Amino acid sequence: MLQVPFIRQNKEFVLERLAFKNFKDLDVVEEVLALDDKRKKLTLEYDDTQAQVNSLSKEIGKLMSQGKKEEGEAQRAAVAALKERLGPVNDELNATEKALHDALVKLPNLPAAMVPAGKTPEENEEVRSGGKIPDLYDGAVPHWDLAKQYDLIDFELGNKITGSGFPVFKNKGARLQRALIQYFLDYNTTNGYTEYAPPYLVNEASAYGTGQLPDKEGQMYHATEDNYYLIPTAEVPVTNIYRDEIVKDTDLPIKMTAYTPCFRREAGSYGKDVRGLNRVHQFDKVEIVQLVHPDKSFEALDEMIAHVENLLNQLELPYRILRLCAGDMSFTSAITYDFEVYSAAQQKWLEVSSVSNFEAYQTNRMKIRFKENNGKPQLVHSLNGSSLALPRILACLLENNQTAEGIQVPTALQSYYGSHMI
RNA sequence: GGAGAGAUGCCUGAGUGGCCGAAAGGAACGGUUUGCUAAACCGUCAUACGGGUUAAACUGUAUCGAGGGUUCGAAUCCCUCUCUCUCCGCCA
């Protein structure tokens with residue numbers, strides 16, 4: 001969430017940026033400032049009164065130990081009177097703090113300076129593209145047909161075991177999937193990311209920390225018996241590794257990677273674009289997360305973009321990089337780049353990675369901070385990106401590399417998969 | 001699932017009503033000195049939110065798992081919750 005002192009000092013800027021993001025409820029900004037004023041006033045009153053209580057209490061202790069009971073009794077009455085005032089002030093202070101917090105979490109992150117204007121996905125800006133869109137041979141089919149033809153994925157079996165959107169990978173399909181995971185992780189760790197294998201279920205505090213709660217409650221699977229949430233992305237457990245921690249500036253940047261399955265209810269997205277692997281409830285993803293010095297987050301962002309782009313180049317997939325317009329970015333992001341690969345058989349672009357800089361928006365919630373030269377703790381910046389999400393990569397690999405003789409495996413992947421052809 | 005123990009600062013760990021924001025040791029950081037892959041000594045060593053200041057200094061409040069209660073006063077007593085550990089059971 002945004003920081004109140006920043007809002008106070010940069011009110012016009014905040015309003016302008018929020019409007020740019022197409023955020024309607026601009027009155028919340030005034031509300032936040034008014035509540036903060038009230039909070040300060042009440043804090044002052046409470047602290048002053050409590051200070052009197054504390055000092056009187058000490059006196060009473062002294063008087064009692066000196067045997068001056070009557071004087072002590074008199075002081076007691078004075079304290080009682082003060083405390084009568086304290087209760088209501090405290091109640092109001094708590095209510096004000098809660099109202100302030102509730103208002104604050106309504107405000108999305110501010111779009112960074114480079115973010116293009118716009119409201120819809122059509123207004124996203126193509127930054128660059130790469131790779132070559134293949135000319136498929138006449139018998140080319142979409143991946144769901146290939147999956148059946150080569151016995152790689154059984155969608156119907158998933159329906160039986162669980163429900164729709166839970167594909168079963170088998171034979172060479174399962175192997176290819178495993179090869180990709182291994183390949184991605186190796187690529188990430190080679191480039192300085194520390195590998196983690198985190199839990200796939202998280203508690204409420206973690207889900208709140210990265211912003212899934214309260215905004216996206218309905219999108220996560222919820223194990224109500226124990227009140228755990230199935231992770232929608234490794235971002236949640238991995239970023240929370242440093243929740244409530246103060247690290248040394250020399251520890252930065254912190255670069256982490258993790259492979260996990262991801263679980264998403266995708267409520268309300270039935271019908272369109274859900275065929276085959278395009279949109280599923282459980283999928284595998286390798287994620288990268290960075291915690292960096294606030295001055296370095298845009299540098300880190302560029303590095304992550306280059307990192308993901310290089311991966312797509314090595315997989316020889318045609319891709320394009322989009323800078324999301326203000327209205328299409330997520331609630332918590334300051335700037336987001338989407339990576340899409342071209343599915344030649346479906347003739348459309350599929351999103352396979354999303355790389356974002358959250359600046360201090362997430363870390364302010366999670367209180368992830370660092371200390372520089374024994375100074376005051378400051379918030380670090382957090383970034384994350386997929387490198388990469390498996391299903392759509394798999395779909396494109398199958399579709400784009402299909403030939404009459406079989407499906408070709410990209411060179412970079414061959415040693416992991418164990419063959420040059422499916 | 002059953003029984004028990006516990007939750008204190010970066011770590012270990014003392015503290016059972018006022019002298020405790022908290023002993024001691026360790027780690028870390030800064031320095032002095034000496035010096036060969038280091039030791040000794042000195043110092044620093046929680047956070048948040050206020051007041052104050054150009055900025056500091058200074059100062060108030062809160063925090064000893066979380067929330068509530070008793071009391072003039074609570075890390076210390078009471079209640080609730082959460083979590084952790086140990087043993088038993090079950091099991092990969």
Side-chain angles (χ1 to χ4, degrees), chain A residues 1-9 32-105 197-209 213 222-229 237 240-252 254 291 360 363-380:
Chain A
M1 54 193 170
L2 301 177
Q3 298 167 78
V4 179
F6 180 84
I7 299 175
R8 187 177 290 286
Q9 283 162 28
V32 163
L33 293 178
L35 284 166
D36 191 51
D37 284 337
K38 192 175 174 193
R39 194 198 104 246
K40 283 188 184 180
K41 201 168 140 256
L42 289 165
T43 300
L44 194 62
E45 188 178 351
Y46 180 87
D47 285 0
D48 281 352
T49 311
Q50 186 64 48
Q52 292 179 53
V53 169
N54 287 345
S55 79
L56 280 176
S57 293
K58 279 196 175 158
E59 281 181 36
I60 293 172
K62 268 185 205 154
L63 291 170
M64 290 303 193
S65 67
Q66 290 166 3
K68 298 177 181 170
K69 284 210 171 151
E70 276 177 31
E71 288 176 50
E73 290 299 332
Q75 299 282 47
R76 271 191 189 181
V79 173
L82 285 171
K83 287 193 76 177
E84 217 151 294
R85 274 201 288 153
L86 218 45
V89 174
N90 192 33
D91 289 347
E92 203 182 347
L93 180 58
N94 286 339
T96 305
E97 283 177 343
K98 185 177 181 304
L100 175 59
H101 180 264
D102 289 349
L104 212 45
V105 295
Y200 303 156
L201 277 76
V202 294
N203 58 28
E204 245 183 292
S206 294
Y208 172 80
L213 290 180
H222 188 190
T224 52
E225 186 80 19
D226 297 291
N227 198 23
Y228 292 149
Y229 291 88
N240 272 282
I241 289 170
Y242 284 92
R243 169 156 50 89
D244 294 324
E245 298 286 337
I246 301 174
V247 302
K248 288 183 289 190
D249 57 339
T250 50
D251 292 334
L252 301 175
I254 292 166
L291 301 173
T363 54
N364 189 31
R365 277 197 180 191
M366 282 184 279
K367 298 288 173 265
I368 304 179
R369 293 167 293 174
F370 75 103
K371 261 191 189 180
E372 209 164 25
N373 304 322
N374 279 326
K376 275 189 187 163
Q378 306 175 55
L379 295 171
V380 306

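Fair warning: this is a prediction, and the values are worked out from it, not measured in the lab. Within every chain, numbering begins at 1; the chains are lettered A, B, ... in the order of the sequence lines, protein sequences first and strands thereafter.
For the C1' atoms, the distance from B:G17 to B:A22 is 15 Å, rounded to whole Å. A distance of about 13 Å separates the C1' atoms of B:U76 and B:U71, rounded to the whole Å. When the P atom is used for both B:G18 and B:G73, the distance is 14 Å, rounded to whole Å. Taking atom C1' on both B:A14 and B:G6, the two are 16 Å apart, rounded to the nearest angstrom.
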Item checked: Worked check of side-chain hydrogen bond (donor to acceptor under 3.5 Å, both in side chains) between A:Asn54 and A:Ser57 -> CA-CA 5 Å; A:Asn54 287 345; A:Ser57 293; 5.5 Å; no
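If you take CG of A:Leu86 and P of B:U61, they are 12 Å apart, rounded to a whole angstrom. One can place CG of A:Leu42 at 16 Å from P of B:A62, the figure rounded to the nearest angstrom. Going from atom CD1 of A:Ile60 over to atom P of B:A74 covers 12 Å, rounded to whole Å.
The pair A:Glu73-A:Arg76 counts as a salt bridge, with a side-chain nitrogen and a carboxylate oxygen less than 4.0 angstrom apart.
Sequence order on RNA chain B of the closest nucleotides to A:Gln75 and A:Lys248 puts A:Lys248 first from the 5' end.
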Just the table, please: protein N/O against nucleotides 46-50 of chain B N/O, every pair under 3.5 Å.
from  : atom 1 : to       : atom 2 : distance (Å)
B:U47 : OP1    : A:Lys371 : NZ     : 2.4
B:U47 : O3'    : A:Arg369 : NH1    : 3.1
B:A48 : OP1    : A:Arg369 : NH1    : 3.0
B:C49 : O3'    : A:Arg39  : NH2    : 2.2
B:C49 : O2'    : A:Arg39  : NH2    : 3.0
B:G50 : OP1    : A:Arg39  : NH1    : 3.3
B:G50 : OP1    : A:Arg39  : NH2    : 2.6
B:G50 : O5'    : A:Arg39  : NH2    : 2.9

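When both distances must be under 3.5 Å, the Watson-Crick or G-U wobble mate of B:A55 does not exist. The partner of B:C41 is B:G31, by the rule that a Watson-Crick or G-U pair needs both atom distances under 3.5 Å. In this structure, B:U47 forms a base pair with B:A62, meeting either the Watson-Crick or the G-U wobble geometry with both donor-acceptor distances under 3.5 Å. With a cut-off of 3.5 Å on both Watson-Crick or G-U wobble distances, the partner of B:G21 is given as none. Pair assignment for B:G89: none, as no Watson-Crick or G-U wobble contacts are both less than 3.5 Å.
Between B:G60 and A:Gln50, no contact under 4.0 Å exists linking OP1 or OP2 to a side-chain N or O. The side chain of A:Asn54 places no N or O atom within less than 4.0 Å of a non-bridging phosphate oxygen (OP1 or OP2) of B:G60.
Using a 4.5 Å heavy-atom threshold, the side chains of A:Thr363 and A:Phe370 count as separate.
Atom NZ of A:Lys367 sits in a crowded spot, with more than 12 heavy atoms from other residues, nucleotides or ligands closer than 6.0 Å.
Checking B:G60, B:C72, B:A62 against every side-chain atom of A:Val79, the shortest atom distance belongs to B:C72.
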